[in-house]
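Everything on this sheet refers to the single structure shown next.
Only this structure's heavy atoms are used, side chains among them; waters, hydrogens and symmetry mates stay out.
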Amino acid sequence: MSGAAASRNVIRTLLARGRTFATGTQPRLGSSSGESFWSAGKHEPGGLLFAESPPAPGTSRRWESWEGPWYFTFGAATAILTIGLSAKPDTRIETWAEAEAKKRREQASSR
């Protein structure tokens, strides 16, 4: 097959794929039947949150490996932001203007 014929075949293939994609005759990725994931009747509710079975009576739920670091990081970030934002300097223009006006009044009254 020559280079020109090969490029024509590639162009034909791409055009055919574009047509089937545009018309929707071929199922999309991840869908074998063409129905939506949220279609009625696909997933029956089981009554368990996140499909996690409850612990046996008298025992407490064990944390998963990611929960301890997640709670620690979340708590530390909250503490750092709370302390850091409450201690930030006042950089409002009004604060500067008040201090500048007070300084200029004192200079004018001392003359």
How long is the gap from CD on Glu98 to CG on Asp90, to the nearest 0.5 Å? 9.0 Å

Would you name the heavy atoms of Ala56 and Thr59 that are closest together and state the gap between them? O-OG1, 2.7 Å

From Leu85 CG over to Ile80 CD1, what is the distance, rounded to the nearest 0.5 angstrom? 11.0 Å

Closest heavy-atom pair, Ser53 versus Leu48, reported as atoms and distance to 0.1 Å, is CA-CD1, 4.2 Å

Decide if atom CZ of Arg61 counts as having more than 12 heavy atoms of other residues, nucleotides or ligands within a radius under 6.0 Å. yes

Is there a path of hydrophobic side-chain contacts, each under 4.5 Å between heavy atoms, that joins Phe72 and Trp63? no

Rounding to 0.5 Å, atoms CD1 (Ile93) and CD (Glu100) come to a distance of 10.0 Å

What class does the angle between the rings of Phe74 and Trp70 fall in, given that below 30° is parallel, 30 to 60° is tilted and above 60° is perpendicular? parallel

CD on Glu64 to CD on Glu52, rounded to 0.5 Å: 6.0 Å

Would you find a donor on one side and an acceptor on the other, under 3.5 Å apart, between the side chain of Thr95 and the backbone of Thr91? no

